[in-house]
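The next block holds one structure in the form of structure tokens; read it before the comments.
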Amino acid sequence: SAKSSGRGTYRLFDVAMHAQLQAHQQMKVAMRDALANREFELHYQPLVNLESRCVSCCEALLRWRHPQRGMIAPSEFIPIAEETGAIVLIGEWLLDEACRQAARWPERVSVAVNLSPVQFKHRNLVGAVANALSSSHLDPARLQLEITETVLLDESEHNLELLQDLRRLGVKIAMDDFGTGYSSLGYLRSFPFDKIKVDQAFVRDLPHGRESLAIVKAVAGLGQSLGMTTTVEGVETEDQLAIVNSEGFDEVQGYLFSRPLPAAEISRLIADGVL
Ligand code: C2E
Ligand code: MG
Ligand code: MG
Ligand code: MG
């Protein structure tokens, strides 16, 4: 009957929910030991300066090499690391690791590190960045910290002060995934970002998407008049590159030039110079 099949549906739903909760729980537990077991690694993706065609920066992207499940993408485990607070210790480890790597690269190449909003809730963020810089001897101007709008959304007064403290260390601050939040434009007024990275969502349907094209054009002009370095993420085709280039963007990042690569491979790619 309809009644019993209805109940059956609920039961199926329960089972699926339960499985999902269990997987979530297992990941939480496994994450506790992952740092000590050295299961995290950083891959690096180049940002290419369009004028010189040289790598100007590499973005550090976190990977989890799980002993049973293999490589896990950040979208799968970072939300859980944020929920448990594990992102704070992982974030400190990866700041150290990224700065140590970058100190071996040519001076023209910077390193970009993503910061989670949860790291801003932790008192020691500025100290952790200062430590990573001093123990690696990396020139602070070669460290770029990428934040998303979420950082300015909650506890914005406190977080703005932290951003200013970070800036005083001499590092650069970039706004990541620009255009995807509630009020991207407003945030540009609240803090003088060094760099603005247009989200890949606006590049995906280029060259044909008229709305995306208009937005990309507008952001290029905006960034230029605010004196920010302008970057576009997610460039995969020559057509997309041609548009970004003609709009006067400073840098591009995307599979067209390179996917994120392990540290050893990125060092070789940087040494080769022009991409
Ligand atoms: P994000 O900071 O915006 O990083 C760019 C993402 O776009 C990366 O995904 C990169 O692999 C991907 N990407 C780059 N070029 C292309 C392209 O041409 N096409 C496509 N389809 N994708 C491209 P990934 O590595 O999976 O990272 C996803 C997100 O996870 C990052 O977005 C960032 O928000 C977060 N994340 C990664 N590493 C860290 C980290 O160390 N700390 C924190 N807090 N977040 C991180
Ligand atoms: Mg980023
Ligand atoms: Mg991004
Ligand atoms: Mg993104």
Side-chain angles (χ1 to χ4, degrees), residues 31 34-35 39-48 55 57-65 71-102 110-122 125 128-129 132 143-151 159 172-181 184 193-206 219 229-241 243-244 249 251-263 265-266 275:
M31 205 179 284
L35 199 56
E39 290 167 16
F40 291 114
E41 50 187 85
L42 287 177
H43 285 193
Y44 297 89
Q45 188 180 31
L47 280 69
V48 178
V55 176
C57 181
C58 293
E59 179 172 7
L61 294 159
L62 189 60
R63 302 289 182 261
W64 182 6
R65 198 183 286 276
M71 205 67 107
I72 308 181
S75 57
E76 251 192 277
F77 69 86
I78 286 178
I80 298 175
E82 289 178 328
E83 188 190 314
T84 63
I87 193 68
V88 173
L89 278 183
I90 297 170
E92 288 179 5
W93 167 80
L94 76 88
L95 271 166
D96 278 339
E97 178 71 15
C99 290
R100 215 168 46 80
Q101 274 302 331
S110 299
V111 68
V113 172
N114 294 285
L115 293 182
S116 157
V118 175
Q119 290 174 274
F120 282 78
K121 294 202 175 77
H122 196 262
L125 174 62
V129 172
L143 175 61
Q144 301 178 5
L145 300 175
E146 297 192 0
I147 64 151
T148 56
E149 293 160 354
T150 331
V151 165
N159 288 356
K172 309 279 187 225
I173 311 288
M175 168 152 284
D176 202 358
D177 300 346
F178 185 76
T180 55
S184 301
F193 291 93
D194 297 288
K195 179 185 285 194
I196 176 171
K197 297 182 79 174
V198 177
D199 192 76
Q200 56 191 58
F202 299 102
V203 183
R204 207 169 293 141
D205 58 345
L206 292 183
V219 177
T229 301
T230 51
T231 305
V232 176
E233 319 184 283
V235 173
E236 296 183 353
T237 69
E238 289 289 349
D239 281 351
Q240 292 168 345
L241 176 65
I243 291 173
V244 166
F249 280 91
E251 293 175 332
V252 291
Q253 176 178 6
Y255 294 169
L256 179 65
F257 285 106
S258 172
R259 291 191 174 249
L261 298 170
E265 285 174 52
I266 206 77
L275 274 185

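Residues take their numbers from the sequence shown, with the count starting at 1. In listed order, ligands and their atoms are each counted from 1.
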Would you call [X] and [Y] a side-chain contact if the rule is heavy atoms closer than 4.5 Å?
| X | Y | result |
| --- | --- | --- |
| Leu95 | Val129 | yes |
| Gln119 | Leu145 | no |
| Leu143 | Cys99 | yes |
| Ile196 | Val219 | yes |
| Arg63 | Pro260 | yes |

### Query
Please, which pairs that meet salt bridge (Lys or Arg N to Asp or Glu O under 4.0 Å) have at least one residue in residues 79-96, sequence neighbours excluded?
Lys28-Glu83
Give the contacting part of [X] toward ligand 1: side chain, backbone, both or neither, where contact means a heavy-atom distance below 4.0 Å.
| X | result |
| --- | --- |
| His43 | neither |
| Leu94 | side chain |
| Gln200 | side chain |
| Ala73 | neither |
| Leu42 | neither |

### Message
Measuring from atom 1 (P) of ligand 1, which candidate in Asp176, Val113, Ile87, Val232 has the nearest non-hydrogen atom?
### Response
Asp176
### Message
If I take atom CG from residue Leu94 and atom CD1 from residue Ile87, how far apart are they, to the nearest 0.5 angstrom?
### Response
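The distance works out to 7.0 Å.
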### Query
What distance do Ser116 atom OG and Ile90 atom CD1 have between them, rounded to the nearest 0.5 Å?
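Answer for the OG-CD1 pair, Ser116 versus Ile90, is 10.0 Å.
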### Whether Glu146 has an N, O or S atom under 2.8 Å from the Mg ion (ligand 3)
no
### Query
Hey, is there an N, O or S on Glu233 sitting under 2.8 Å from the Mg ion (ligand 3)?
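A backbone or side-chain N, O or S atom of Glu233 is under 2.8 Å from the Mg ion (ligand 3).
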Give the numbers and elements of all ligand 1 atoms closer than 4.0 Å to a heavy atom of [X].
| X | answer |
| --- | --- |
| Glu236 | 17 (C), 18 (O), 19 (N), 20 (C), 21 (N) |
| Pro74 | 24 (P), 25 (O), 26 (O), 27 (O), 28 (C), 30 (O), 37 (C) |
| Gly254 | 15 (N), 18 (O) |
| Ser116 | 44 (N) |
| Gln45 | 10 (C), 14 (C), 15 (N) |
| Ile78 | 36 (N), 39 (C), 43 (C), 45 (N), 46 (C) |

### Message
Can you tell me how the ring of Phe40 sits relative to the ring of Trp93, calling it parallel under 30°, perpendicular over 60° and tilted otherwise?
### Response
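Geometry flag for Trp93 against Phe40: tilted rings.
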### Query
What do the steps show when you test Leu256 against Thr237 for side chain to side chain contact (heavy atoms under 4.5 Å, CB included), and what is the final call?
CA-CA 6 Å; Leu256 179 65; Thr237 69; 5.8 Å; no
### Message
So for Ser75, does at least one of its heavy atoms come nearer than 4.0 angstrom to any atom of ligand 1?
### Response
no
### Query
Does Arg63 have a non-hydrogen atom less than 4.0 Å from ligand 1?
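Yes, that is the case, since the closest heavy atom of the residue is under 4.0 Å from the ligand.
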### Query
What is the OD1(Asp176)-the Mg ion (ligand 3)-OD1(Asp177) angle, to the nearest 10 degrees?
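So the angle at the metal works out to 90°.
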### Message
For the metal site, I want the angle between atom OE2 of Glu59 and atom OD1 of Asn114 with the Mg ion (ligand 2) at the apex, to 10°.
### Response
90°
### Task
Go through the steps for Gln45 and Tyr255 under the test side chain to side chain contact (heavy atoms under 4.5 Å, CB included), then give the verdict.
CA-CA 9 Å; Gln45 188 180 31; Tyr255 294 169; 3.9 Å; yes
Does ligand 1 come near enough to [X] that some N or O of the ligand is less than 3.5 Å from an N or O of the residue?
| X | value |
| --- | --- |
| Leu62 | yes |
| Glu59 | yes |
| Gln253 | no |

### Message
Using the rule side chain to side chain donor-acceptor pair (under 3.5 Å), only one of Gln144, Glu59, Glu251 pairs with Lys197; which is it?
### Response
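So, applying the side chain to side chain donor-acceptor pair (under 3.5 Å) to Lys197 and each of Gln144, Glu59, Glu251, only Glu59 qualifies.
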### Task
For the pair Gln240 (side chain) and Val203 (backbone), establish whether a donor and an acceptor sit closer than 3.5 Å, ignoring hydrogens and angles.
yes
